[in-house]
Amino acid sequence: MKSDFYHTPVLLAEVMEYLNVVTDGLYVDCTVGGGGHSRAILENGGRVVGIDRDKDAIAYALKYCKDFTDRFKTEISKFSNIISVVSKYTDLVDGVLMDLGVSSKMIDDPSRGFSYRSDGPLLMSMGGGVQTAFDVVNHEDTQELARIFRDYGEERKAGKIARAVVEARSSQPIRTTVQLADIIELAVGPRMPQKSKARVFQALRIHVNNELGELKDGLNGALGVLRPGGRLCVITYHSIEDRAVKYFMKNHADPCECPPGFPECTCGLKPDLKLVTRKAIKPTVREIESNPRSRSALLRVAEKVVVP
Ligand SMILES: C[S@@+](CC[C@H](N)C(=O)[O-])C[C@H]1O[C@@H](n2cnc3c(N)ncnc32)[C@H](O)[C@@H]1O
């Protein structure tokens with residue numbers, strides 16, 4: 001069975017370099033997906049606790065990593081629950097990986113409703129939630145829709161698209177991805193409609209799955225379970241999540257709140273992370289050529305330090 005049938009792992013060599021996998025070390029893969037990164041950790045002698053909110057991903061990864069079942073434990077869960085998942089096995093772990101967003105399998109399956117390129121029901125749920133894109137598109141008011149498109153998609157014509165959605169649904173519910181994509185195209189005009197479609201679909205996906213809330217809780221939880229010297233590796237795919245990761249790492253690496261130029265720190269806040277990558281790591285041209293979906297990936301790495 002080949003992993004890339006499900007998903008090609010992104011920045012694999014770089015993740016393996018920065019995660020510092022040691023034999024029998026315990027690593028949490030918060031986003032198992034097709035199991036590509038998990039398998040590489042297992043092949044390098046590590047043990048993995050794998051989390052994914054999508055039950056299909058866990059089922060696939062278990063098959064893909066079947067040679068390592070004694071060292072690969074999985075949980076269908078959200079990574080915001082990392083502390084309680086890890087507590088079933090140990091107190092502290094040697095590394096945590098988050099490879100955010102959706103898998104290729106999810107995007108390519110029209111029945112999951114993630115893509116505007118193929119027709120399917122407006123779902124966009126990764127798993128473990130009750131809300132769907134159908135609920136949001138058909139029930140939120142114009143103002144809230146515009147906020148979602150702007151805040152989670154950085155879409156400049158958010159208001160115009162929100163009004164078009166509310167107008168369209170007044171005659172009948174918007175049920176499919178292509179129906180929604182056509183409404184967006186009519187609202188923004190024929191110049192560059194793909195970008196607006198991509199931004200609105202990204203916004204709905206982030207909202208439906210509470211991705212930013214998950215990220216905040218997941219990062220804090222990861223910090224709580226990392227042993228001193230353990231590394232946190234996070235791969236993001238768009239600027240909103242990269243900004244959240246960048247500032248999380250920066251604020252924990254330099255939490256001091258004293259005014260600049262103060263002779264001595266009086267706030268008492270000490271770093272609990274050290275930045276390993278000052279700038280985010282990007283895929284090589286070669287990786288982007290062989291896997292175009294990696295083109296927007298950015299990897300940031302930080303290391304837990306002992307608070308004196
Ligand atoms: C980019 S894919 C990971 C691919 C994986 N690294 C591989 O090598 O195949 C992202 C995965 O994270 C999962 N995911 C996203 N947000 C999650 C969350 N908050 N909790 C748990 N899993 C999540 C998705 O269901 C998806 O399977």
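Just so you know, ligand 1 is whichever comes first in the structure, and atom 1 is the first atom listed for that ligand. For the single chain, residues carry numbers from 1 onward in sequence order.
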Handout entry: Contact check: Tyr237 vs ligand 1, nitrogen or oxygen atoms, below 3.5 angstrom
Key = no
Problem - Gly36 neighbourhood, listing ligand 1 atoms whose heavy-atom distance to it stays under 4.0 Å - result: 7 (C), 8 (O), 9 (O)
Practice task
Answer yes when Lys304 and Asp272 have at least one side-chain N-carboxylate O distance shorter than 4.0 Å, and no when they do not.
Solution key: no
Practice task
Pick one of side chain, backbone, both or neither for how Val32 approaches ligand 1, counting any non-hydrogen atom pair under 4.0 Å.
Solution key: backbone
Handout entry: Atoms of ligand 1 close to Asp54 [distance to a heavy atom under 4.0 angstrom, numbered from 1]
Key = 25 (O)
Exercise for the section: Provide the number and element of each atom of ligand 1 under 4.0 Å from a heavy atom of Cys30. Expected result: 21 (C), 22 (N)
Problem - Glu144/Arg147 ion pair, N-O < 4.0 Å - result: yes
Exercise for the section: Run the salt-bridge test on Glu75 and Lys55 with the 4.0 Å N-O cut-off and return the result as yes or no. Expected result: no
Problem - Exercise: identify the closest heavy-atom pair between Thr142 and Val166 - result: OG1-CG2, 3.5 Å
Practice task
Report yes or no: does Ser104 have a heavy atom closer than 4.0 Å to ligand 1?
Solution key: no
Exercise for the section: Check whether the side chains of Thr8 and Asn291 place a donor and an acceptor atom closer than 3.5 Å, and report yes or no. Expected result: no
Handout entry: Asp54 with Arg112: basic N within carboxylate O range, under 4.0 Å
Key = yes
Exercise for the section: Number the atoms of ligand 1 from 1 as they appear, then name those within less than 4.0 Å of a heavy atom of Gly101, with their elements. Expected result: 10 (C), 11 (C), 12 (O), 15 (C), 24 (C), 26 (C)
Practice task
Could you tell me whether some N/O pair between Asp99 and ligand 1 is separated by less than 3.5 angstrom?
Solution key: yes
Practice task
Identify whether NZ of Lys or CZ of Arg in Arg199 sits under 6.0 Å from the centre of the six-membered ring of Phe149 and within 45° of that ring's axis.
Solution key: no
Fill in the blank from the handout: Phe248 meets the ring-ring contact (aromatic ring centres under 6.0 Å, His included) criterion, sequence neighbours left out, with His252
Problem - Closest to atom 26 (C) of ligand 1 among Asp52, Asn81, Thr31 (heavy-atom distance) - result: Asp52
Handout entry: Contact (N/O only, under 3.5 Å) between Lys78 and ligand 1
Key = no
Completion exercise
A student comparing Ile58, Ile235, Val102, Val85 should find that the heavy atom closest to atom 1 (C) of ligand 1 comes from Val102
Fill in the blank from the handout: Quick look: Ser77 vs ligand 1, heavy-atom contacts under 4.0 Å, and the answer is backbone
Handout entry: Neighbour count above 12 (heavy atom, 6.0 Å) for Gln143 CD
Key = no
Exercise for the section: Please indicate whether any nitrogen or oxygen in Gly34 is less than 3.5 Å from any nitrogen or oxygen in ligand 1. Expected result: yes
Exercise for the section: Heavy-atom distances under 4.0 Å are what count here, so tell me which part of Asn209 touches ligand 1: side chain, backbone, both or neither. Expected result: neither
Handout entry: Ionic contact status for Glu211 with Arg205, cut-off 4.0 Å
Key = yes
Problem - Flag for Asn81-Ser77: side-chain donor and acceptor within less than 3.5 Å - result: yes
Practice task
May I ask you to say whether Asp242 pairs ionically with Arg300, meaning some side-chain N is under 4.0 Å from a carboxylate O?
Solution key: yes
Problem - N or O contact, Leu100 vs ligand 1, cut-off under 3.5 Å - result: no
Handout entry: Nitrogen or oxygen of His7 less than 3.5 angstrom from that of ligand 1
Key = no
Exercise for the section: Using a 4.0 Å heavy-atom cut-off, say whether Ala61 meets ligand 1 through its side chain, its backbone, both or neither. Expected result: neither
Fill in the blank from the handout: Going by the 4.0 angstrom heavy-atom rule, the piece of Leu215 near ligand 1 is neither
Exercise for the section: Please confirm whether Phe79 comes within less than 3.5 Å of ligand 1 when only nitrogen or oxygen atoms on both sides are compared. Expected result: yes
Practice task
Could you tell me which atoms of ligand 1, counted from 1 in the order shown, lie closer than 4.0 angstrom to a heavy atom of Pro9?
Solution key: 8 (O)
Practice task
Looking only at distances, please establish whether an N/O atom of ligand 1 is found under 3.5 Å from an N/O atom of Glu214.
Solution key: yes
Practice task
Record the part of Met106 in heavy-atom contact with ligand 1 below 4.0 Å; permitted values are side chain, backbone, both and neither.
Solution key: side chain
Practice task
Name all pairs fulfilling the salt bridge (Lys or Arg N to Asp or Glu O under 4.0 Å) condition that reach into residues 164-186, sequence neighbours left out, sorted by first residue then second.
Solution key: Glu185-Lys197
